[in-house]
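First the structure, in the form of structure tokens, and then the observations on it.
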Amino acid sequence: MALRNILTAENPTLKRVCRPVTSFDDRLATLLDDMKETLAKANGVGLAAPQVGIVRRAVIVDVGDQMIELVNPKILESAGEQDGLEGCLSVPDHYGMVKRPNYVKVEAQDRHGDWHEYEGEGLIARCFCHELEHLDGHLFTEKAYHMLSDEEMDRLMEAQEEENA
Ligand SMILES: [Zn+2]
């Protein structure tokens, strides 16, 4: 396994519509393993292949007790609404308020091409939506109805530091 470089927002690769994965081969397995390692190192909750420069429909999501791999994922169902702060490993140090469904069910293939269904609420549902949008060339900053100012960020950081103290 190897760490991959995470591209940042100005990179045009992040605006491309990703192609479906068609070969379930060693290269895909290596990509998914590298993405898991990269996500763990970056302390994120999700990572999409275009964020490491690969224009293919593959995503890793940390669902708490494990990381799941979503190849060619599709949203089957969504319900409810949540409103909260969102960030992205490709948009470091910037956070914005984004409305998302509170419940999302997706279907996706694994590295062997087998189909599975996954469902999640709250942060996991938010993460499914966020990561799947990367595959169509979109960033959360397009969806945010309010991006936090530097001042608001400072206050948030202070509040978090107090929480962690
Ligand atoms: Zn992202």
Side-chain angles (χ1 to χ4, degrees), residues 1-21 28 30-76 78 80-111 118-150 152-153 156-157 160:
M1 293 211 283
L3 287 176
R4 305 235 180 168
N5 238 348
I6 299 177
L7 306 181
T8 47
E10 68 280 1
N11 194 301
T13 299
L14 291 173
K15 297 203 168 60
R16 291 177 59 187
V17 175
C18 297
R19 296 183 297 271
V21 172
L28 175 66
T30 302
L31 170 67
L32 294 169
D33 287 339
D34 287 356
M35 284 171 65
K36 285 180 185 176
E37 195 180 342
T38 305
L39 178 60
K41 180 81 195 290
N43 256 323
V45 285
L47 186 68
Q51 292 182 275
V52 295
I54 306 295
V55 193
R56 289 284 179 178
R57 305 189 79 83
V59 155
I60 302 292
V61 174
D62 187 340
V63 294
D65 52 348
Q66 59 167 334
M67 285 189 189
I68 56 172
E69 51 198 46
L70 306 173
V71 178
N72 299 325
K74 286 190 264 281
I75 291 181
L76 296 178
S78 63
E81 191 184 75
Q82 58 174 316
D83 188 5
L85 206 56
E86 197 163 315
C88 177
L89 294 174
S90 293
V91 191
D93 303 324
H94 292 278
Y95 295 86
M97 297 297 293
V98 186
K99 289 192 168 88
R100 298 284 189 189
N102 192 49
Y103 165 86
V104 173
K105 185 199 260 186
V106 297
E107 68 168 359
Q109 286 168 287
D110 61 22
R111 65 183 63 199
Y118 301 96
E119 54 182 4
E121 291 186 352
L123 179 63
I124 295 169
R126 177 177 290 281
C127 194
F128 284 156
C129 296
H130 176 116
E131 298 309 327
L132 266 61
E133 284 176 4
H134 272 299
L135 304 181
D136 289 318
H138 296 296
L139 295 174
F140 84 98
T141 47
E142 301 164 40
K143 278 235 157 147
Y145 64 85
H146 174 68
M147 290 299 292
L148 268 63
S149 66
D150 288 346
E152 287 171 309
M153 280 298 300
L156 188 77
M157 293 300 180
Q160 273 179 353

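Quick note: numbers below take in every heavy atom, side chains included, and nothing from hydrogens, waters or symmetry partners. Start at 1 and go down the list; that is how both ligands and their atoms are numbered.
Around the Zn ion (ligand 1), protein atoms of type N, O or S found under 2.8 Å number 3.
Between atom CD1 of residue I60 and atom NZ of residue K36 there is a gap of 5.0 Å, rounded to the nearest 0.5 Å.
The pair K143-E86 does not count as a salt bridge, with every side-chain nitrogen at least 4.0 angstrom from each carboxylate oxygen.
Only one option out of E81, E131, E133 pairs with R100 in a salt bridge (Lys or Arg N to Asp or Glu O under 4.0 Å); it is E133.
Side-chain atoms of R4 and I54, non-hydrogen and from C-beta on, do get closer than 4.5 Å to each other. Contact of the M153 side chain with the D93 side chain is not registered, since no non-hydrogen atoms from C-beta on lie closer than 4.5 Å.
Screening residues 52-67 for salt bridge (Lys or Arg N to Asp or Glu O under 4.0 Å), with sequence neighbours left out, gives R57-D136.
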